[in-house]
Amino acid sequence: MPKTLKPEAIEGLRRDGFHFPIAAISPRQAADYRQQLETFEAANGGALTGANRFKTHLLFKWLADLIRAPYILDTVEDLIGPDILCWTTHWFIKEARSPDYVSWHQDNNYWGLDTKNLVSVWIALSPATVESGCMRMLPGSHLAPPMPHVDTSAKHNMLTRGQTIDVDIDERKAVNIEVKTGDAALFAYEIAHASHPNHSGDRRIAVVLRYIPPETRQTLSDWDSAALVRGVDNYGHFEHEPEPACDLDPVAVAFHKKAEEQQRKIYFQGTEWQDSRVSSQGVASPY
Ligand SMILES: O=C(O)CCC(=O)C(=O)O
């Protein structure tokens, strides 16, 4: 018996590769999280950049709590079972009226995780609409053979490698994933997805939680880490991350440094930037 998702939602996710919306957090909570994000940004020289945009659950206490929130974990449990690791958290922030976009890509193309059960929980901290550049997804693309990608390094592409599916996508078949503040979209590791620039007058802010079952292995490196957020880990393939006791908890910040450097290496592996950007703290958006 599923804990939060209706059987039709689970069936839809298996068939289409995504399901939305789910009421992940209240609009009030979302406003509070946005305020905490923006207070941090204001105190640290502006928009969240570089390494602060991933594995941020090791830096912000509220995000460490969010990845462990019972409603979200119940939902993830409905899809991947009771033992759950949170591999990372990613920010996708598009400034108001900015040309930044995300090219068509599949996450399983470059994260090295050998699972078919990664679930992304993409949570809107501001409205995700066609105007603000909501995600677009190609239904059923997660079931097709993996698509070839090329690294383009295009200027306004938010993906660091500018990784782009190298076959024509029939845009008419794409679904706009419009979600209101506090709502989330769930999607599969293999789904083809993208998003257009933000033409609205507000920032389009999303935080994405990535969950995997503990049997998953990292195939691109000997060491990787994740937070054990529910159940047990009988495999030990990932070093368990500390849970911060407060914002910028020194123990978790030190772990974040090691983990983000490793994650950066994974994202860039096999590219011409492998050596230069791996050591750079200034890199724009290392997803
Ligand atoms: O938020 C977006 O526009 C893209 C998100 C994305 O590519 C992802 O969560 O994997």
Side-chain angles (χ1 to χ4, degrees), residues 13 16-22 24 30 34 37 47-48 53-57 63 66-67 72 76 86-113 115 117-138 141-142 146-147 149 151-152 154 156-165 169 171 174-200 202-212 263 266-267 284-287:
L13 209 146
D16 298 332
F18 54 86
H19 171 71
F20 73 103
I22 64 160
R34 177 174 179 168
L37 163 73
L48 209 60
R53 285 200 177 195
F54 59 103
K55 285 210 180 262
T56 321
H57 58 281
L63 191 49
L66 183 61
I67 66 168
I72 291 175
V76 173
C86 179
W87 177 60
T88 199
T89 41
H90 283 142
W91 288 93
F92 280 87
I93 303 175
K94 291 181 189 167
E95 299 302 329
R97 296 191 188 86
S98 81
D100 294 347
Y101 69 98
V102 173
S103 53
W104 283 102
H105 69 287
Q106 293 171 297
D107 295 331
N108 67 328
N109 179 54
Y110 59 109
W111 289 350
L113 301 166
T115 182
N117 284 327
L118 183 145
V119 177
S120 287
V121 181
W122 188 104
I123 303 176
L125 297 191
S126 66
T129 61
V130 170
E131 190 191 17
S132 72
C134 64
M135 276 192 301
R136 291 165 60 69
M137 296 200 174
L138 202 59
S141 51
H142 64 307
M147 299 187 213
H149 287 62
D151 293 337
T152 66
H156 293 292
N157 193 332
M158 294 178 77
L159 305 176
T160 334
R161 301 161 60 152
Q163 52 271 50
T164 302
I165 291 176
I169 298 283
E171 291 275 352
V175 174
N176 288 317
I177 313 292
E178 291 192 290
V179 286
K180 55 187 191 342
T181 305
D183 282 359
L186 308 172
F187 60 95
Y189 194 23
E190 304 83 0
I191 193 76
H193 57 296
S195 64
H196 291 311
N198 178 5
H199 298 293
S200 81
D202 189 13
R203 309 176 88 192
R204 198 224 64 176
I205 306 175
V207 61
V208 198
L209 325 180
R210 317 283 189 184
Y211 294 101
I212 52 174
Q263 201 150 91
I266 290 166
Y267 295 140
S285 303
Y287 307 115

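In each ligand, atom 1 is the first atom listed, and ligand 1 is the first ligand listed.
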Discussion item. Angle between ring planes, Trp87 versus His90, binned at 30° and 60°: parallel, tilted or perpendicular?
Written reply: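 Ring orientation, 0 to 90° scale: perpendicular.
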Response to the item:
Checking heavy atoms under 4.0 Å, the part of His90 that sits near ligand 1 is neither
Worksheet entry | Test item: side-chain donor near acceptor, Thr164 and Ser103, under 3.5 Å | yes
Worksheet item: Taking only heavy atoms of Val208, which atoms of ligand 1 are found under 4.0 Å from at least one of them?
Response: 9 (O)
Item to complete: Scan side-chain atoms only and decide if Asp107 and His105 contain a donor-acceptor pair under the 3.5 Å cut-off.
Response: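 Result is yes, a qualifying pair exists.
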Item to complete: Please verify whether a non-hydrogen atom of Met158 lies at under 4.0 Å from ligand 1.
Response: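 Met158: no contact with ligand 1 (<4.0 Å).
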Worksheet, complete the sentence: Here the atoms of ligand 1 under 4.0 Å from any heavy atom belonging to Phe92 are 1 (O), 2 (C), 4 (C), 5 (C), 6 (C), 7 (O), 8 (C), 9 (O)
Worksheet item: Considering only heavy atoms of Phe187, which atoms of ligand 1 have at least one such atom less than 4.0 Å away?
Response: 8 (C), 9 (O), 10 (O)
Worksheet item: Of all the atoms in ligand 1, which lie at a distance below 4.0 Å from a heavy atom belonging to Asp107?
Response: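 By the 4.0 Å cutoff, the relevant atoms are 10 (O).
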Practice prompt. Would you mind telling me if ligand 1 is within reach of the side chain of Ala206, the backbone, both or neither, using heavy atoms under 4.0 Å?
Written response: neither
Worksheet entry | Under 3.5 Å: donor-acceptor pair, side chain of Tyr101, backbone of Ala194 |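 Such a contact is absent between Tyr101 side chain and Ala194 backbone.
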Worksheet item: Is a side-chain N or O of Thr89 found less than 3.5 angstrom from the main chain of Thr56, in a donor-acceptor match?
Response: yes
Practice prompt. Heavy-atom contacts with His193 under 4.0 Å: which atoms of ligand 1 show up? List them by number with element.
Written response: 6 (C), 7 (O), 8 (C), 10 (O)
Discussion item. I'd like to check which ligand 1 atoms, numbered from 1 as shown, lie under 4.0 Å from a non-hydrogen atom of Trp122.
Written reply: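 Counting from 1, the qualifying ligand atoms are 1 (O), 2 (C), 5 (C), 9 (O).
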Fill in: Enumerated ligand 1 atoms positioned under 4.0 Å from heavy atoms of Ser195
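Result: 2 (C), 3 (O).
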Worksheet item: Does ligand 1 have an atom under 4.0 Å from some heavy atom of Tyr101?
Response: no
Worksheet item: Any N/O of Trp111 closer than 3.5 Å to an N/O of ligand 1?
Response: no
Worksheet entry | Donor-acceptor pair, side chain of Lys94 and main chain of Ala206, under 3.5 angstrom | no
Worksheet item: Out of Met135, Gln106, Arg210, Lys94, who gets a non-hydrogen atom closest to atom 9 (O) of ligand 1?
Response: Arg210
